[in-house]
There are 2 protein chains.
Amino acid sequence: MMFPTEMKQRPPSADTPAKAATEAATQVPPHVLAVDDDPELRNLLREFLPKHDLRTTTVATGAEMLRVLEQEPVDILLIDLRLPHEDGLALARKVRDTSAIPIIILTGKTDEADRVMGLELAADDYVTKPFSPRELVARVRALLRRTQPDAGGSSTAAPRAYRFAGWELNLRRRRLTNPSGDAVELTNSEFNLLSAFLAAPQRVLTRDQLLERSRLHSLEVYDRAIDVTILRLRRKIEPDYTDPQLIVTERGAGYVFTQPVSVLR
Amino acid sequence: MMFPTEMKQRPPSADTPAKAATEAATQVPPHVLAVDDDPELRNLLREFLPKHDLRTTTVATGAEMLRVLEQEPVDILLIDLRLPHEDGLALARKVRDTSAIPIIILTGKTDEADRVMGLELAADDYVTKPFSPRELVARVRALLRRTQPDAGGSSTAAPRAYRFAGWELNLRRRRLTNPSGDAVELTNSEFNLLSAFLAAPQRVLTRDQLLERSRLHSLEVYDRAIDVTILRLRRKIEPDYTDPQLIVTERGAGYVFTQPVSVLR
DNA sequence: CGTGGCCGTGAAGGAATCTTGACGTGGCGC
DNA sequence: GCGCCACGTCAAGATTCCTTCACGGCCACG
């Protein structure tokens with residue numbers, strides 16, 4: 001077991017999804033903002049939620065919450081009903097007044113929750129403490145699903161596939177086919193790495209960026225680990241992997257995917 | 001018993017029979033009929049649902065419900081699972097026998113509901129109390145969307161059955177038949193899992209997605225529970241379950257149903 | 001109340017995949 | 001040219017991930 005996120009205090013700016021959203025067309029994980037005065041709970045959340053592909057920021061007070069909301073997009077809010085010097089419900093209402101961010105209230109007792117849910121429109125769901133992390137994740141997911149019907153607009157839809165130099169990478173099926181139409185097996189990280197490249201063609205990507213996109217977890221890995229994955233990927237897609245044409249090394253900077261890429265939706 | 005007092009009285013013209021609803025794409029708001037013995041909840045519903053463009057009638061007993069059903073068209077039913085002297089589920093079944101009105105069960109506990117949904121085909125969804133009004137509206141809407149063929153095209157209708165590789169899965173009967181025409185027994189979770197796959201063929205589904213789609217909302221289950229169900233399902237439908245062809249593992253990502261699937265409506 | 005089916009959990013085992021360290025090699029600045 | 005440094009390559013471990021089995025709770029049915 002690992003206990004990584006404990007000390008990992010990232011400034012809000014580090015979490016900013018704007019960058020990721022524009023650069024990678026890969027599905028950006030939803031951003032969860034949790035407000036609770038209990039540090040232990042915050043730690044738990046930061047440890048657990050990301051494992052389930054939920055980007056997580058935690059704060060202790062309503063003021064901090066508002067600050068974060070201003071700075072970056074948030075997809076769902078978790079708010080403790082009883083915060084030391086403020087009322088979670090009031091916070092929720094305040095948010096509701098100005099946005100449609102879905103809100104889950106964390107509460108101690110069921111009857112308390114009853115009251116909250118009854119006539120209040122401030123919250124969309126509640127979870128009673130103590131809750132199992134699984135349950136929380138499930139509820140967050142469920143609520144996101146309900147509230148993000150994901151506009152049918154084809155412009156915002158996630159890409160279905162990429163094409164480059166006769167190859168095709170099918171994102172739904174997670175499958176790569178070569179110009180002759182044969183399937184080429186990719187491991188998970190190879191697939192992720194390749195889609196990171198295809199989402200940002202003709203652009204130099206640093207190792208860090210690539211790592212972040214190709215490894216789902218483990219934030220602390222040697223940069224060099226990416227080299228090996230690049231190598232393996234090259235062996236699978238380069239005509240001559242000793243003389244790479246598609247994925248070219250930018251010495252001192254990172255790597256570039258050189259070919260034009262077309263996006264299928 | 002409280003009698004029509006609560007039944008929202010409208011001029012007959014507004015209630016105009018089925019033809020108005022089916023024939024014209026005119027904006028006749030859907031008619032919701034709710035059955036619950038709690039007067040407070042009924043008030044809440046009558047107050048809230050109409051604000052969201054849902055014509056709402058509430059009653060306290062099954063008898064009243066039946067009377068309303070006879071008198072006017074109803075687009076969706078909300079039924080409390082535990083009514084004082086009757087069984088909400090029995091009511092639902094009774095309705096189902098003679099009509100196709102979509103039904104949402106209101107229930108107190110999640111596990112209670114899950115069990116009910118599993119075994120019974122009487123309801124289409126359920127909502128656990130206390131629920132947020134928003135959630136209820138969302139579910140009502142979702143269910144209406146699912147069940148109403150929708151003027152636009154034939155594409156939105158709910159599937160009746162799926163075919164794949166000679167097999168057929170009948171959704172109404174919840175029955176699977178193999179290429180030779182023999183029935184293959186599926187447990188409830190196997191059935192749900194399989195239909196989740198068939199609804200999204202050739203697409204890698206994560207465990208979370210499968211969980212979400214195979215339980216209505218069973219919260220709080222171990223991701224890995226899926227694995228076991230997959231195994232059990234494979235034993236029933238794979239020619240050689242040690243070398244799966246239909247449901248293929250995508251390491252690090254999820255599972256895919258590889259075969260082409262045709263939908264019968 | 002017993003019995004049986006269903007389903008979730010834990011653990012064991014094994015396979016696939018990643019990481020790491022070592023070493024080779026080629027580019028680039030001086 | 002020379003040497004340093006960054007990258008390429010390789011092949012062990014290390015680790016994660018999946019499969020499978022077995023157990024036990026739970027509910028339905030009798």
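Throughout, a chain's letter reflects where its sequence line sits, starting with A, and its residues are numbered from 1. The basis for the numbers below is simple: all heavy atoms, side chains too, and nothing from hydrogens, waters or symmetry mates.
Rounded to a whole Å, the CD1 atom of Ile230(B) is 15 Å from the C1' atom of dG8(C). In this structure, the CZ atom of Arg174(A) is 13 Å from the P atom of dT17(C), given to the nearest Å. Atom pair Leu210(B):CG and dC18(D):C1' shows a separation of 15 Å (rounding to whole Å applied). The nearest whole Å value for the distance from the CD atom in Glu190(A) to the P atom in dT16(D) is 19 Å. Atoms CG (Leu193(B)) and P (dC7(C)) sit 11 Å apart, rounded to a whole Å. Straight-line distance from the CG atom of Leu211(B) to the C1' atom of dC7(C): 12 Å, rounded to whole Å. Between Arg235(B) atom CZ and dA22(D) atom C1' the separation is 12 Å, expressed in whole Å. Regarding Asn188(B), its CG atom lies at a distance of 6 Å from the P atom of dC7(C), rounded to whole Å.
Phosphate contact (OP1/OP2 of dG8(D), side-chain N/O of Thr249(A), threshold under 4.0 Å): present. Here Arg234(B) reaches the OP1 or OP2 of dT19(D): one of its side-chain N or O atoms lies under 4.0 Å away. Look at Thr229(A) and you won't find any side-chain N or O under 4.0 angstrom from OP1 or OP2 of dC18(C). One finds no side-chain N or O of Tyr255(A) lying less than 4.0 angstrom from the OP1 or OP2 phosphate oxygen of dA6(D). Phosphate contact (OP1/OP2 of dA11(C), side-chain N/O of Tyr222(B), threshold under 4.0 Å): absent. At dT9(D), none of the side-chain N or O atoms of Arg224(A) fall inside 4.0 Å of OP1 or OP2 (strictly under the cut-off).
Contact annotation for Arg232(A): base contact, defined as any heavy-atom pair under 4.0 Å involving a base atom. Heavy atoms of Ser189(A) sit under 4.0 angstrom from primed sugar atoms or phosphate atoms, though from no base atom.
Not one N or O on the side chain of Glu238(B) forms a donor-acceptor pair closer than 3.5 Å with the backbone of Asp243(B).
Toward the 5' end of DNA chain C, the nearer of the two residues Leu186(B) and Asp223(B), judged by each one's closest nucleotide, is Leu186(B). Toward the 5′ end of DNA chain D lies the nearest nucleotide of Gly254(B), the other residue of the pair Val228(B) and Gly254(B) mapping further downstream. For the pair Pro244(B) and Leu231(A), nearest-nucleotide mapping onto DNA chain D gives the more 5' position to Leu231(A).
For the 3.5 Å distance criterion, the side chains of Arg203(B) and Asn170(A) fail to qualify, holding no donor opposite an acceptor.
The shortest side-chain heavy-atom distance between Tyr241(A) and Lys236(A) does not fall under the 4.5 Å cut-off.
Within 3.5 Å, a donor on the side chain of Arg251(B) pairs with an acceptor on the base of dC17(D), or the reverse.
Taking CG of Leu33(B) as the reference point, atom CG of Leu66(B) lies at 9.5 Å (rounded to 0.5 Å).
When distances are taken from the side chain of Ala225(B) to each of dC7(C), dT9(C), dT9(D), the shortest belongs to dT9(C).
Ring pair Phe197(B)/Phe257(B) is tilted by interplanar angle, where 30° to 60° counts as tilted.
Under a cut-off of 6.0 angstrom, the local environment of CZ in Arg163(A) is sparse, with at most 12 non-hydrogen atoms contributed by other residues, nucleotides or ligands.
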